[in-house]
Asks: 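This is the structure I have questions about; it appears just below.
Predicted model only: the values in this text are computed from it and were never measured. Below, read A as the first sequence line, B as the second, and so on, with proteins coming before strands; counting in each chain starts at 1.
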Amino acid sequence: MDMKEVERKWQARWEKAKFNNFDEKSDREKKYVLEMFSYPSGAKLHIGHWYNYGPADSYARFKRMQGYNVFQPMGFDAFGLPAENYAIKTGVHPKDSTEKNIATMEKQLRAMGAMFDWSAEIKTCEEDYYKWTQWMFLQLYKKGLAYRKEAPVNWCPSCNTVLANEQVTEGVCERCGTVVVRKNLTQWFFKITAYAEELLSGLDGLDWPEKTKLMQKNWIGKSTGCDIEFDCETGDKIRVYTTRCDTIFGVTYVVLAPEHPLALKITTEDRRAEVEAYIAETAKANEIERLSTAREKTGVFTGAYCVNPLSGKRIPVYLADYVLYSYGTGAVMAVPAHDERDFAFATKYHLPIVQVIENRNGPTELPFVEDGIMIGSLNFDGLYGEEARDEVANRIAKLGKGGKKVNYRLRDWLVSRQRYWGAPIPVIHCPNCGAVPVPEKDLPVKLPYKVEFRPDGKSPLAKCAEFMHTTCPVCGGEAERDPDTLDTFVCSSWYYLRYADPQNTKEPFDRARVNALLPVDTYIGGAEHACMHLLYARFFTKALRDMGYLNFDEPFKRLVHQGVIMGPDGNRMSKSHGNIVSPDEYVEEYGSDAFRLYLMFGFSYTEGGPWNDDGIKAISRFLDRVEKIILKAYEYPDKNAPYGAEEKALDYARNYAIQKVTRDMDAFSFNTAVARLMELCNALYKYEALPVKNNTLFKAAAKDFLLLLAPCAPHFAEELFEKIGGKGFIFEQEYPKENPEKLVLDETEYAVQVNSRIVCRVMIPSGLSDGEIEQRALALPEIAEKLGGKPVKKCIVVPGRLVNLIAG
RNA sequence: GCGAGUAUGGCGAAAUCGGCAGACGCAAAAGACUUAAAAUCUUUCGGGAGAGAUCCCAUAUCGGUUCAAAUCCGAUUACUCGCACCA
């Protein structure tokens with residue numbers, strides 16, 4: 001079969017018949033199958049794209065044959081740093097390189113032959129899309145979910161922009177690996193923390209990988225504790241957060257983060273110089289240095305004292321950068337006896353260590369950080385763990401000094417970027433009116449083409465006078481636009497909604513359409529998005545629901561992560577490893593179907609693994625074998641007899657394959673699905689070799705086989721279907737359903753064990769009782785010999801599998 | 001450091017609820033066809049012992065539960081991923 005020609009032929013026919021387009025008028029049940037859209041950083045599709053889209057498309061086609069009205073759109077996440085960095089390096093404008101890359105990738109995606117509904121295509125960098133991204137910003141702003149504040153933020157000196165918390169890993173920029181520094185900047189944030197609790201509790205109902213749910217759960221980081229106020233001798237109140245209020249009688253000092261507003265205020269004159277020096281020094285430290293847990297803790301005494309609200313003791317106040325300003329209250333009560341960090345700090349600065357918790361399961365070794373019995377704590381003595389914390393928290397609350405408090409590690413999402421290639425933030429800064437949102441009727445705020453985007457630490461748009469200069473929509477006076485652009489993750493937080501109504505010029509989407517089509521039934525993409533895109537998209541969905549636009553709570557009902565295809569050497573594919581395998585040459589030689597099928601067969605889909613050149617030849621051979629046997633089956637004239645043991649065996653193989661392939665396709669267990677197809681192919685060959693055949697059955701089995709294979713090798717299957725006289729598209733055919741009667745065998749082979757060791761095997765007719773099966777086993781000469789007259793104490797029968805005789 | 005996951009032939013892997021370990025392939029070997037090669041077809045293919053029927057060992061390591069463990073429990077080792085001073 002000339003696969004190149006066959007692919008072109010069927011792609012053209014599908015296209016002409018608009019066969020891949022979602023049929024909105026259909027009354028079949030909808031199935032929204034979505035793969036994460038492409039980022040057009042390089043021109044060509046790499047193995048990762050094929051591995052994501054190929055098998056996922058087979059799943060979508062499988063669902064279509066099962067009778068669902070499948071919607072599978074595709075688009076481009078087109079804004080972002082790589083295009084801009086490429087522009088800085090080469091001088092090619094990001095818009096030009098992006099459009100060129102998209103054109104190439106789109107061509108390749110079409111050549112893949114996936115069932116993408118191109119009529120719904122989205123490109124996030126186009127005005128008719130980012131207009132609505134800006135609209136989203138305005139709605140969040142109206143709802144109080146977008147706000148501007150000055151805060152210490154993560155700054156990547158290489159990318160010349162701020163980064164979200166989620167984009168910093170181990171203190172370095174997730175994108176370029178540069179060490180991130182802290183800067184105080186006024187930036188736009190989305191209040192994702194307002195949804196912390198629901199983002200957490202909503203995970204329970206999702207059909208997502210457990211690991212991904214756990215990652216989000218840890219990222220949100222719910223912690224239940226207690227706020228406690230320590231009155232300062234200066235009259236100020238220091239509020240601390242602790243999860244261990246049962247240790248309050250062991251507090252020997254209180255620590256503020258160096259950025260804490262009270263830090264300088266409470267500092268005594270004699271300590272001022274030293275404290276100022278310390279604050280300056282810690283401000284300089286970069287995130288890597290500061291976050292290193294191995295690093296020796298540093299701190300400084302402020303000269304101030306405060307009072308423990310329960311014990312009345314006088315307590316010194318320190319500054320130390322092991323306390324984070326951005327979490328809790330930015331201040332902690334230090335209990336060196338029961339916290340490892342406080343213990344290290346107290347040891348270094350010779351502060352007292354007072355034990356107030358006793359191990360109830362053995363000797364107490366300090367620092368003792370587990371739950372224990374309160375001691376040296378006045379009338380709280382003897383209380384344990386959770387109960388102890390409850391009692392203490394209640395007392396604190398009664399004194400009006402705080403009380404129970406829930407905190408989350410999740411921070412608000414910083415969305416400003418000091419970069420060019422993104423959606424401009426739709427805000428105008430007026431000297432009289434302050435930050436004013438752009439009126440919706442003025443959207444989009446267009447991204448100008450002619451801009452100097454070489455980085456110098458300022459937003460490139462700030463240097464574009466015609467963009468910046470504008471009038472205030474409130475007072476009409478001269479004003480300036482916000483020079484920053486939105487994080488590209490904002491664009492991808494709602495694209496799955498836009499697919500439902502991509503050409504709408506009046507609103508981002510029609511509510512009825514979106515609510516009919518969404519949520520996404522199955523979402524397929526990489527695991528690296530666990531705490532970024534997948535979290536942000538959930539936030540957007542919930543926020544839009546609360547604004548009345550959506551009537552569902554979660555965007556993605558089922559989530560599947562494909563694994564990673566590594567280089568042949570077992571390393572991640574990269575230029576530096578020199579181990580990149582390009583799909584193009586394989587597709588050229590073997591065709592798209594063979595390549596996809598190999599990706600499905602050679603790896604466990606969610607695991608991935610190293611690339612291996614040999615397997616694809618085997619797949620190509622398999623397809624040849626398929627072609628031969630199917631054409632052969634259709635050469636014989638119809639003859640519906642005989643129906644003996646051989647026919648029964650073929651019918652069993654056929655129905656067994658239907659049952660297993662259906663189950664495996666549903667479970668994204670593509671490698672085993674293909675294995676079952678190969679088994680059926682082998683069974684067909686075996687049957688073909690017989691001198692006398694039931695041709696009608698043979699043909700029916702061959703046809704079922706082709707239907708089962710169709711989603712995995714779509715062009716190939718269409719071509720064969722046509723050759724055997726099929727009418728229309730094979731994907732209009734109904735997916736085969738197994739006949740359970742044909743799966744009942746007359747007899748099954750049982751393994752017969754004596755004392756759990758296999759002695760022999762025996763065929764046993766179906767439908768016998770356990771007792772009858774036991775009698776059959778006992779009647780075997782090998783068994784009688786093995787038992788040697790010993791009585792059988794117990795007999796275990798596993799239906800269809802084995803008999804185990806336990807003899808004394 | 002904390003959390004999670006993985007570990008099965010020469011290789012990719014498979015094994016519903018604990019029930020015949022290694023399905024399906026790759027590679028390899030032998031044979032058939034061929035002047036020859038390729039392609040195709042047939043057979044063998046975890047390790048050890050044995051002429052053989054068979055027997056013993058084997059799912060990272062050690063131990064446990066069970067009639068029965070790749071699967072459950074405990075400990076150990078190695079690797080992968082996520083978080084990382086979150087009080």
Side-chain angles (χ1 to χ4, degrees), chain A residues 169-171 209-219 221-223 225-226 240-245 247 255 257 290-295 297 320-335 338-342 344-345 369 407-411 527-528 530-531 564 570 572 598 601-604 607 609-619 621-622 624-625 628 660 663-664 667 669 671-682 685 689 749-761 793-807:
Chain A
T169 38
E170 296 182 19
E210 285 307 319
K211 187 180 166 150
T212 307
K213 291 206 263 186
L214 188 67
M215 276 168 68
Q216 284 207 359
K217 187 179 163 203
N218 292 338
W219 188 258
K222 182 175 182 174
S223 135
C226 184
V240 304
Y241 173 72
T242 178
T243 53
R244 288 299 302 274
C245 62
T247 64
V255 195
R290 173 145 184 198
L291 287 177
S292 167
T293 46
R295 166 170 161 258
K297 297 192 183 350
D321 70 354
Y322 76 90
V323 173
L324 303 176
Y325 180 55
S326 52
Y327 181 76
T329 59
V332 305
M333 59 179 219
V335 187
H338 306 293
D339 181 280
E340 276 162 21
R341 296 149 302 183
D342 299 341
F345 190 85
V369 299
N407 270 319
Y408 300 89
R409 273 153 81 154
L410 184 69
R411 307 289 149 79
E528 67 275 14
C531 293
V564 178
R572 221 166 234 276
Y598 172 56
F601 179 62
F603 308 85
S604 158
E607 297 292 316
W611 174 263
N612 176 351
D613 256 3
D614 297 323
I616 188 153
K617 283 190 215 104
I619 288 292
R621 194 149 59 214
F622 167 65
D624 288 344
R625 272 168 63 80
K628 249 186 252 171
K660 298 296 181 193
R663 190 198 62 181
D664 290 349
S669 178
N671 53 346
T672 52
V674 177
R676 301 291 89 83
L677 288 171
M678 288 172 167
E679 281 169 357
L680 179 54
C681 184
N682 293 341
Y685 267 93
E749 189 186 73
Y750 277 68
V752 185
Q753 299 179 325
V754 172
N755 290 335
S756 306
R757 299 195 78 91
I758 292 167
V759 175
C760 62
R761 288 159 230 281
K793 288 193 296 197
K794 193 175 167 189
C795 173
I796 294 139
V797 175
V798 182
R801 296 219 167 244
L802 60 75
V803 185
N804 189 3
L805 302 164
I806 312 301

Asks: Does E340(A) reach a base, just sugar-phosphate, or nothing at all? Heavy atoms under 4.0 Å.
Replies: nothing
Asks: Determine the interatomic distance between P on rC11(B) and the same-named atom on rA60(B); round to the nearest Å.
Replies: 14 Å
Asks: For rA32(B), what is the paired nucleotide under Watson-Crick or G-U wobble rules, both distances under 3.5 Å?
Replies: rU40(B)
Asks: Sticking with atom P, work out how far rC26(B) lies from rC79(B), rounded to a whole angstrom.
Replies: 34 Å
Asks: Without decimals, in angstroms, what is the distance between N682(A) CG and rU43(B) C1'?
Replies: 15 Å
Asks: Is there, by distance only and without an angle test, a donor paired with an acceptor across the side chain of K793(A) and the base of rC67(B) below 3.5 Å?
Replies: no
Asks: Does a side-chain N or O from S756(A) land closer than 4.0 Å to OP1 or OP2 of rU66(B), or not?
Replies: no
Asks: Taking syn as any angle within 90 degrees of 0 and anti as the rest, which one fits rG9(B)?
Replies: syn
Asks: Just the rounded figure in Å: distance from P of rA4(B) to CH2 of W219(A).
Replies: 19 Å
Asks: Could you give the distance separating rU59(B) and rU54(B) at their P atoms, to the nearest angstrom?
Replies: 24 Å
Asks: Is there a donor N/O on one and an acceptor N/O on the other, under 3.5 Å, for the side chain of R621(A) and the base of rA39(B)?
Replies: no
Asks: Using the glycosidic torsion, which applies to rC17(B): syn (within 90° of 0) or anti (everything else)?
Replies: syn
Asks: So, for G328(A) and N407(A), which heavy atoms are closest and what is the spacing to 0.1 Å?
Replies: CA-ND2, 3.6 Å
Asks: For rC26(B), does the base pair up with any side-chain atom of D614(A) as donor and acceptor (N or O, under 3.5 Å, distance only)?
Replies: no
Asks: Of all the nucleotides listed (rG3(B), rC24(B), rA87(B)), which has the minimum atom distance to the side chain of Y241(A)?
Replies: rA87(B)
Asks: Between G609(A) and G800(A), which residue's closest nucleotide on RNA chain B lies nearer the 5′ terminus?
Replies: G609(A)
Asks: If pairing requires Watson-Crick or G-U wobble contacts with both distances under 3.5 Å, which nucleotide is the partner of rG3(B)?
Replies: rC81(B)
Asks: From CZ of R757(A) over to C1' of rC55(B), roughly how many Å is that when rounded to an integer?
Replies: 10 Å
Asks: Heavy atoms from C-beta onward define the side chain here; which of rA23(B), rC85(B), rC67(B) lies closest to that of K297(A)?
Replies: rC85(B)
Asks: Both distances under 3.5 Å, Watson-Crick or G-U wobble: report the partner of rC17(B), or none.
Replies: none
Asks: Does a distance-only test, which skips hydrogens and angles, find a donor-acceptor pair under 3.5 Å between the side chain of R663(A) and the base of rU16(B)?
Replies: yes
Asks: Looking only at the side chain of D321(A) (C-beta and beyond, no hydrogens), which of the listed nucleotides rC11(B), rG19(B), rC85(B) gets closest?
Replies: rC85(B)
Asks: Decide side-chain hydrogen bond (donor to acceptor under 3.5 Å, both in side chains) for N671(A) and S604(A); before the verdict, give the C-alpha distance in whole Å, the side-chain angles of both, and the deciding distance to 0.1 Å.
Replies: CA-CA 6 Å; N671(A) 53 346; S604(A) 158; 4.9 Å; no
Asks: Please work out whether the ring planes of W611(A) and Y598(A) are parallel, tilted or perpendicular, with thresholds of 30° and 60°.
Replies: perpendicular
Asks: Which base sits across from rA69(B) as a Watson-Crick or G-U pair, both distances under 3.5 Å?
Replies: none
Asks: Provide the closest heavy-atom pair for V369(A) versus E340(A) in the form atom of the first, atom of the second, distance.
Replies: CG1-N, 4.0 Å
Asks: May I have the step-by-step check of side-chain contact (heavy atoms from CB on, under 4.5 Å) for R676(A) and E679(A), ending in yes or no?
Replies: CA-CA 5 Å; R676(A) 301 291 89 83; E679(A) 281 169 357; 2.9 Å; yes
Asks: Name the residue closer to the 5' end of RNA chain B, choosing between G328(A) and R676(A) according to the nucleotide with the nearest heavy atom.
Replies: R676(A)
Asks: Within the 4.0 Å heavy-atom criterion, would you say R572(A) contacts the bases, only the backbone, or no part of the nucleic acid?
Replies: nothing
Asks: May I ask which nucleotide in the shown strands pairs with rG50(B), Watson-Crick or G-U wobble, both distances under 3.5 Å?
Replies: none
Asks: How about CD on E749(A), more than 12 heavy atoms from neighbouring residues, nucleotides or ligands closer than 6.0 Å, or not?
Replies: yes
Asks: Pairing check on rG25(B): which nucleotide meets the Watson-Crick or G-U wobble criteria with it, both distances under 3.5 Å?
Replies: rC11(B)
Asks: Minimum heavy-atom separation for G800(A) and Y750(A), please, with both atom names.
Replies: N-OH, 2.7 Å
Asks: Just how far, in rounded Å, is P of rA23(B) from CZ of F622(A)?
Replies: 17 Å
Asks: Using a heavy-atom cut-off of under 4.0 Å over every strand shown, decide if I758(A) touches base, sugar-phosphate, or nothing.
Replies: sugar-phosphate
Asks: Rounded to whole Å, please give me the gap between OH in Y750(A) and C1' in rG19(B).
Replies: 12 Å
Asks: If you check the R409(A) side chain, which of rA23(B), rG3(B), rC83(B) turns out closest?
Replies: rC83(B)
Asks: State, to 0.1 Å, how close F603(A) and G609(A) come at their nearest heavy-atom pair, and which atoms those are.
Replies: CE2-O, 3.6 Å
Asks: OP1 or OP2 of rA87(B) sitting under 4.0 Å from any side-chain N/O of Y322(A)?
Replies: no
Asks: Rounded to whole Å, please give me the gap between CG in L802(A) and P in rC67(B).
Replies: 15 Å
Asks: Kindly point out which of rG3(B), rC85(B), rC24(B) is positioned nearest to the side chain of L214(A)?
Replies: rG3(B)
Asks: Report which part of the nucleic acid K660(A) touches: base, sugar-phosphate, or nothing (heavy-atom distance under 4.0 Å, all strands).
Replies: base
Asks: Return the value, rounded to whole Å, for the distance between atom NZ of K794(A) and atom P of rC67(B).
Replies: 5 Å
Asks: Side-chain N or O of R801(A) versus OP1/OP2 of rC17(B): is the shortest distance under 4.0 Å?
Replies: no
Asks: If the P atom of rC24(B) is compared with that of rA14(B), how far apart are they to the nearest Å?
Replies: 14 Å
Asks: Is it the case that the side chains of N218(A) and R409(A) hold a donor-acceptor pair, with the cut-off being a distance below 3.5 Å and no angle test?
Replies: no
Asks: When the C1' atoms of rC55(B) and rG64(B) are considered, how many whole Å apart are they?
Replies: 28 Å
Asks: In whole Å, measure the gap between the P atoms of rU6(B) and rA13(B) for me.
Replies: 14 Å
Asks: Who is the Watson-Crick or G-U wobble partner of rG74(B), with both distances under 3.5 Å?
Replies: rC62(B)
Asks: How far does the C1' atom of rG9(B) sit from the matching atom of rA58(B), given to the nearest Å?
Replies: 10 Å
Asks: When you check the phosphate oxygens OP1 and OP2 of rA14(B), does a side-chain N or O of N671(A) lie under 4.0 Å from one of them?
Replies: yes
Asks: Could you state the atom-to-atom distance from NZ of K211(A) to C1' of rC81(B) in whole Å?
Replies: 4 Å
Asks: At under 4.0 Å between heavy atoms, what does E607(A) touch on the DNA or RNA strands: base, sugar-phosphate, or nothing?
Replies: nothing
Asks: Give me the distance, rounded to whole Å, that separates rU71(B) from rA21(B) when you measure between the C1' atoms they each carry.
Replies: 11 Å
